[in-house]
Amino acid sequence: MHFHFPFAVSQVLWTLTFAAQLTLLVVLLGRDRIKRYPWFTVGIALYALHLLVEVLLAGRMATIVYQAVSIGLADLEVLIGLLVVIEIGRRAFGGAGLRTRAIGAAAMVVVAGGVLAAWGPWLTWKQITPNPAVTVLNLMLVVAAPNDTLMVLRGVSKGQIFVSLFMIQLGLLVVVFGRQFTAGWRSHTQKIAIGLSTIAISWLAVQGGWQLIAKTAQIHTRQEYERIIGLGSKLLNADKVVYVAVLVWWIVCLWFDEPGTAIAEAAEEPAPSLALEEPPQLAQ
């Protein structure tokens, strides 16, 4: 007797991802972390909204309108991702001088820009300008791609690659130099930075692996094409597993206070008065 599981892997991963995102938002709200990491919270909430919109709107509206909404949300996620990088960087290196931070930011831009320039493929002019509606969508795809398998595997979402490169560099800088500033070991800022870099490494590995497969694979039949697309879906599912694991890690880490928080709060409490009470007056 074979056990039949009625849900696809993608459905299970979607459910786990959405549930973990909601749980993380509850932790951020309940443990009062939103004031410290507002853009990080917005990023998690926006991605959860994106997942919900794709389920509610897919197949229920015109394809061109649905793609515009989905790609628009993906582009907004890239913008929020840049703000998250800035937010975590300021939290991690708040004690650094303005010149040091400017040099570090410029170096990160140069590295990310250099890698992005060499990362292909790029859209051709014919792909960009077939007609006005498709032109806008193609230009939006250059910034980011929605969660649809074929869209992601096209490899044209340069905005996502750019932000991912920033996140990886930020994670390395926080691990190496964070303890010298305000992102010490086991701090929330360091854990968020490590999680962001892990997600970025996983996503870039999937993109690079898929592009290698696309360049080397020789497709002659429909079955071979479906097999290659199935392999790409498995790569994306593996990336989603990593994302869920990082969400769970963030939930656990952000639930607990940073080391030394209780001591700092105790130090902020007013000290008890040491003034001695006047002795009672003796009756004359």
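Judged as a side chain to side chain donor-acceptor pair (under 3.5 Å), the pairs with a partner in residues 16-29 (not counting sequence neighbours) are, in order, Gln21-Tyr243. For the ring-ring contact (aromatic ring centres under 6.0 Å, His included) condition, no pair includes a residue of residues 94-118, sequence neighbours left out.
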request  = Tell me, with the steps shown, if Leu165 and Leu204 meet side chain to side chain contact (heavy atoms under 4.5 Å, CB included).
outcome  = CA-CA 8 Å; Leu165 292 171; Leu204 289 179; 3.8 Å; yes
query = Does the pair Ile86 and Trp39 meet the rule for a side chain to side chain contact (heavy atoms under 4.5 Å, CB included), with working shown?
reply = CA-CA 9 Å; Ile86 295 173; Trp39 287 117; over 6 Å; no
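The shortest side-chain heavy-atom distance between Val55 and Phe18 does not fall under the 4.5 Å cut-off. Counting heavy atoms from C-beta outward, Trp250 and Phe40 have side chains that approach closer than 4.5 Å. Between Leu83 and Ile80, some side-chain heavy-atom pair lies under the 4.5 Å cut-off. Here the side chains of Val242 and Ile201 are not in contact, with every heavy-atom distance at 4.5 Å or above. In this structure the side chain of Ile161 reaches within 4.5 angstrom of the side chain of Trp203, judged on heavy atoms.
The minimum heavy-atom distance linking Ile88 with Ala193 is given by the pair CG2-CB, 4.0 Å. Ala200 approaches Ser164 most closely through the heavy-atom pair CB-O, 3.3 Å. In this structure, Val85 and Leu170 approach most closely via the heavy-atom pair O-CD2, 3.7 Å. Nearest heavy atoms, Val174 versus Ala92: CG2-CB, 3.8 Å.
Taken to the nearest 0.5 Å, the CE atom of Met167 stands 5.0 Å off from the CG atom of Leu196. Here the CZ-SG distance, from Arg33 to Cys253, works out to 10.5 Å after rounding to the nearest 0.5 Å. Rounding to the nearest 0.5 angstrom, the gap separating the CG atom in Leu22 from the CD1 atom in Ile44 is 11.0 Å. Between atom OG of residue Ser202 and atom NZ of residue Lys240 there is a gap of 11.5 Å, rounded to the nearest 0.5 Å. The line from CG of Leu16 to CG of Leu247 is 10.5 Å long, rounded to the nearest 0.5 Å. The distance from atom OG of Ser197 to atom CG of Leu173, rounded to the nearest 0.5 Å, is 10.5 Å.
With respect to the salt-bridge test (charged N to carboxylate O, under 4.0 angstrom), the residues Arg36 and Glu258 qualify. A salt bridge links Arg222 and Glu226; the closest N-O separation between the charged side-chain nitrogens and carboxylate oxygens is under 4.0 Å.
Within a 6.0 Å radius of CH2 in Trp14, other residues, nucleotides and ligands contribute more than 12 heavy atoms. Applying the 6.0 Å contact sphere to CZ of Arg90 captures no more than 12 heavy atoms from other residues, nucleotides or ligands.
With sequence neighbours left out, Thr198 forms a side chain to side chain donor-acceptor pair (under 3.5 Å) with no residue at all. Partners of Tyr37 according to the ring pair (Phe, Tyr, Trp, His ring centres under 6.0 Å) rule, which considers only residues two or more places apart in sequence or in another chain, do not exist here. In this structure, Arg227 has no side chain to side chain donor-acceptor pair (under 3.5 Å) partners at least two apart in sequence or on a different chain.
Formation of a donor-acceptor pair under 3.5 Å by the Arg31 side chain with backbone atoms of Trp255 is found in this model. Under the 3.5 Å distance criterion, the side-chain polar atoms of His50 are left unmatched by any main-chain donor or acceptor of Ile71. Without hydrogens or angle criteria, Asp239 side chain to Val206 main chain gives no donor-acceptor distance under 3.5 Å.
Under the 4.5 Å side-chain contact rule for hydrophobic residues, Leu254 and Val26 do not share a cluster. Transitive grouping of hydrophobic side chains (ILVMFWY, heavy atoms separated by less than 4.5 Å) brings Val69 and Leu56 into a common cluster.
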Taking only distance into account, with no hydrogens and no angle test, what donor-acceptor pairs under 3.5 Å do side-chain atoms of residues 93-116 form with protein atoms, sequence neighbours excluded?
none

